[in-house]
Amino acid sequence: MLDYCLCPKCERMIMLDSEYPTGFCLYCGTHIAYDEAREDFLGGLRSAIPDEFVLEVDLSELIDEDDAEDNDGYGVTECREECEKAQKYMGKWDFAKAYEHYSRALEWRPADFEAACGRMTSGILKLNDVENWESRARDCTALIRSQGDWNMAQKSLEYALDILKKFLSKGGRFVAPYYTYGFFRLVIEKFPALIKTATDIFAHCLNIDNAPLTNAARLDDETTRFAVGSFSPEPDKNLRYPLLLVLKHCDDDRKVEELCRALYVFDRVAWLRNRDNDRINDVIGFLELVYSDPFTEKRRGIAVKAAYDLLMMGGLEHNTTLKEKQLFLTRVYSYEQMQRMERFFGEDIFFRRVQGEVYLKSAKALPSSPEYRRIQDKIRELAANYGTTDYYNR
């Protein structure tokens with residue numbers, strides 16, 4: 001089984017097979033003893049958490065005696081032994097081994113509360129298979145709620161999220177939102193008491209993963225990305241639904257505005273120049289989702305202003321004239337995309353000028369048609385006020 005370790009020479013995160021006593025660093029080639037490299041890695045994790053935060057919590061303390069499963073029956077002793085072993089590994093920050101023992105405990109007692117919550121908690125904290133978080137949370141909550149204890153799953157999730165939040169505050173470590181969107185949506189929808197914590201973590205992860213040049217991500221790339229497991233080979237181009245989740249549940253307008261700009265501004269010039277329609281349509285789709293839900297006008301304004309700056313290049317290329325922007329953008333968008341944007345930017349003179357030019361270049365525009373001549377006349381009319389009105393002052 002591959003485990004994360006720390007190379008003692010170059011101090012980079014590597015993975016070694018625990019079945020072999022030694023291995024080699026794939027970066028510098030150093031011959032490494034597995035036990036020492038693994039302990040260095042775990043020691044780094046321990047140092048990331050304040051001393052007053054005690055990890056060695058006994059999950060069994062969270063269980064009400066009246067709600068616990070009857071201890072008479074097959075496998076009780078073996079189940080408790082496996083849980084005790086798992087607790088020891090939790091205390092050593094070895095979440096992978098803890099997960100193994102909690103899983104074995106559930107093999108003995110499939111409905112055991114402590115083992116179910118321990119398996120979910122350690123499975124979240126080991127980080128290297130984040131795509132399974134949602135299924136673990138669903139399985140665990142279904143088991144617990146079927147037994148009548150509605151608080152058990154929330155307490156375990158709260159415990160895991162608190163640790164995860166402290167990880168993220170020390171060194172910028174993150175989990176891939178591409179795989180964990182379903183998990184965070186489940187937590188936010190089903191556990192109202194955890195909305196703020198889950199939203200803060202998910203917003204941080206979105207920022208780190210998709211906007212590496214922002215303040216939240218100005219950290220060493222390998223430190224930021226260690227222990228994330230599998231994540232998409234390139235930045236996710238479908239950000240509308242994750243961003244909408246934060247927009248709905250984050251109570252900080254400033255944080256929402258910064259995240260909107262961070263996700264869509266990074267490498268924006270490149271994807272406009274290359275006509276990356278996946279990203280362009282994602283921004284437009286995000287606006288459509290915002291207006292299909294009952295958001296406040298302030299939240300809608302944050303989304304629209306950010307999208308206008310990104311799609312119409314407003315306030316970003318300070319050395320570019322409006323005429324240069326207009327010539328560039330008319331080569332980027334299709335008329336169908338401009339029609340989708342009209343709902344949000346239709347009162348802006350610059351947008352209407354670009355929209356008219358895009359129409360004249362479209363396949364459906366016939367120079368002999370009345371519509372073509374009408375658009376030409378409209379462009380001439382707009383030229384008289386060209387640049388005198390911008391979106392922010394309309």
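For reference, positions follow the sequence shown, starting with 1.
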> Could you give the distance from CG (Asn277) to CZ (Arg279), rounded to the nearest 0.5 Å?
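Going from the CG atom of Asn277 to the CZ atom of Arg279 covers 12.0 Å.
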> Could you report the tightest heavy-atom contact between Val246 and Val256, atom names first, then the distance?
O-CG2, 4.4 Å
> Just verifying a value: how many Å separate Ile201 CD1 and Leu161 CG, rounded to the nearest 0.5 Å?
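These two atoms lie 4.5 Å from each other.
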> Under a 4.0 Å threshold between the charged nitrogen and the carboxylate oxygen, would Glu78 count as salt-bridged to Arg104?
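Result for this pair is no, no salt bridge flagged.
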> Indicate yes or no: does Asp309 engage Lys305 in a salt bridge with an N to O separation below 4.0 Å.
no
> For the pair Arg136 (side chain) and Gly123 (backbone), establish whether a donor and an acceptor sit closer than 3.5 Å, ignoring hydrogens and angles.
yes
> Return the minimal non-hydrogen interatomic distance between Phe344 and Tyr291, and the atom names on each side.
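That closest heavy-atom pairing would be CE2-CD1, 3.5 Å.
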> Before accepting this row, confirm whether a basic side-chain N of the pair Asp94/Lys88 lies closer than 4.0 Å to the acidic partner's carboxylate O.
no
> Atom CD of Gln339 and atom CD1 of Ile284: how far apart are they, to the nearest 0.5 Å?
11.0 Å
> Report the C-alpha separation of Glu258 and Lys255 in whole Å, then their side-chain angles, then the decisive distance to 0.1 Å, and conclude whether the salt bridge (charged side-chain N to carboxylate O under 4.0 Å, His left out) test is met.
CA-CA 5 Å; Glu258 289 178 348; Lys255 183 181 293 185; over 6 Å; no
> For Arg138 and Glu134, run salt bridge (charged side-chain N to carboxylate O under 4.0 Å, His left out): C-alpha distance rounded to whole Å, both residues' side-chain angles, the deciding distance at 0.1 Å, then the answer.
CA-CA 6 Å; Arg138 289 189 184 278; Glu134 183 179 1; 3.2 Å; yes
> Look only at the side chain of Asn274 and the backbone of Asp276, and say whether a donor-acceptor pair between them is shorter than 3.5 Å.
no
> Is a side-chain donor or acceptor of Thr330 paired with a backbone partner of Leu327 at a separation under 3.5 angstrom?
yes
> Determine, stepwise, if the pair Gln337 / Val332 fulfils side-chain contact (heavy atoms from CB on, under 4.5 Å).
CA-CA 10 Å; Gln337 288 171 329; Val332 172; 5.8 Å; no
> For side-chain contact (heavy atoms from CB on, under 4.5 Å), just list the numbers for Met90 and Ser122, CA-CA rounded to whole Å, side-chain angles, deciding distance to a tenth of an Å, and then say yes or no.
CA-CA 7 Å; Met90 289 284 280; Ser122 58; 3.8 Å; yes
> Is the side chain of Ser362 donor-acceptor paired with the backbone N or O of Tyr359 at a distance under 3.5 Å, no angle test?
yes
> Counting C-beta onward and ignoring hydrogens, is there a side-chain heavy-atom pair between Leu247 and Leu289 closer than 4.5 Å?
no
> Can you get from Tyr308 to Trp271 by hopping between Ile, Leu, Val, Met, Phe, Trp and Tyr side chains that sit under 4.5 Å apart?
yes
> Between Arg353 and Lys323, does a side-chain contact (heavy atoms from CB on, under 4.5 Å) hold up when you go through it step by step?
CA-CA 10 Å; Arg353 176 67 184 267; Lys323 182 64 175 177; 3.8 Å; yes
> Please check: side-chain N/O of Lys126 versus main-chain N/O of Tyr99, any donor-acceptor pairing under 3.5 Å?
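No; judged by distance alone, with no hydrogens or angles, the pair does not exist.
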> Quick check: is Tyr179 connected to Leu157 through a chain of hydrophobic side chains (ILVMFWY, heavy atoms under 4.5 Å apart)?
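Yes, because Leu157 and Tyr179 connect within a single hydrophobic cluster, where side-chain heavy atoms sit under 4.5 Å apart.
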> Charged N to carboxylate O under 4.0 angstrom, Lys361 versus Glu357?
no
> Look up atom CG in Leu360 and atom CD in Gln355, then write down how far apart they are to the nearest 0.5 Å.
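If I round to the nearest 0.5 Å, the distance is 11.0 Å.
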> Under 4.5 Å between any side-chain heavy atoms of Phe202 and Val187, yes or no?
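No - every pair of side-chain heavy atoms lies 4.5 Å or more apart.
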> Between Glu100 and Lys97, does any side-chain N to carboxylate O distance fall below 4.0 Å?
no
> Locate the shortest heavy-atom distance separating Leu186 from Ala137; write the atom from each residue and the value.
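Scanning both residues completely, I find the closest heavy atoms to be CD2-CB, 3.8 Å.
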> Kindly work out whether a path of hydrophobic side-chain contacts (I/L/V/M/F/W/Y, heavy atoms less than 4.5 Å apart) joins Tyr335 to Phe345.
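Linked, Tyr335 and Phe345 end up in one cluster.
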> How many angstroms lie between CG in Asn238 and OH in Tyr178, if you round to the nearest 0.5 Å?
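If we round to the nearest 0.5 Å, Asn238:CG and Tyr178:OH are 9.0 Å apart.
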> Could you tell me whether a side-chain N or O of Thr197 sits under 3.5 Å from a main-chain N or O of Leu194, the two making a donor and an acceptor?
no
> Determine the minimum heavy-atom distance between Asp112 and Cys83, stating which atoms define it.
OD2-SG, 4.3 Å
> Got His249 and Arg185 here, is their nearest side-chain heavy-atom distance under 4.5 Å?
no
> How long is the straight-line distance from CG of Asn132 back to CD1 of Ile124, given to the nearest 0.5 Å?
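These two atoms lie 11.5 Å from each other.
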> Is there a donor-acceptor contact under 3.5 Å from the side chain of Arg109 to the main chain of Ala105?
no
> Check Ile32 against Phe24 and note the closest heavy-atom contact, atom names and distance.
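Heavy atoms only, the tightest pair is CD1-C, 4.4 Å.
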> Side chains of Ser156 and Met120, heavy atoms from C-beta outward: is any pair under 4.5 Å?
yes
> Does a side-chain heavy-atom distance below 4.5 Å link Phe350 with Leu329?
yes
> Give the ring-plane orientation class for Phe183 versus Trp133, where under 30° counts as parallel, over 60° as perpendicular and anything between as tilted.
perpendicular
> Where does the angle between the aromatic ring planes of Phe286 and Tyr264 fall among parallel (under 30°), tilted (30 to 60°) and perpendicular (over 60°)?
tilted
> Can you tell if the side chain of Phe328 reaches within under 4.5 Å of the side chain of Leu272, non-hydrogen atoms only?
yes
> Does any N or O in the side chain of Tyr181 come within less than 3.5 Å of the main-chain N or O of Leu245, such that one atom is a donor and the other an acceptor?
no
> Which pair of non-hydrogen atoms, one from Leu259 and one from Ala203, has the smallest distance, and what is that distance?
CD1-O, 3.8 Å
> Verify the neighbour count for atom CD of Glu288: are there more than 12 heavy atoms of other residues, nucleotides or ligands below 6.0 Å?
yes
> Would you please test Lys248 and Arg299 for side-chain contact (heavy atoms from CB on, under 4.5 Å) and show each step?
CA-CA 9 Å; Lys248 281 183 178 179; Arg299 284 293 166 96; over 6 Å; no
> Report yes if some heavy atom in the side chain of Arg254 is under 4.5 Å from a heavy atom in the side chain of Glu257; otherwise report no.
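No, side chains not in contact.
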> For the residue pair Leu287 and Arg343, establish whether any side-chain heavy-atom pair is separated by less than 4.5 Å.
no
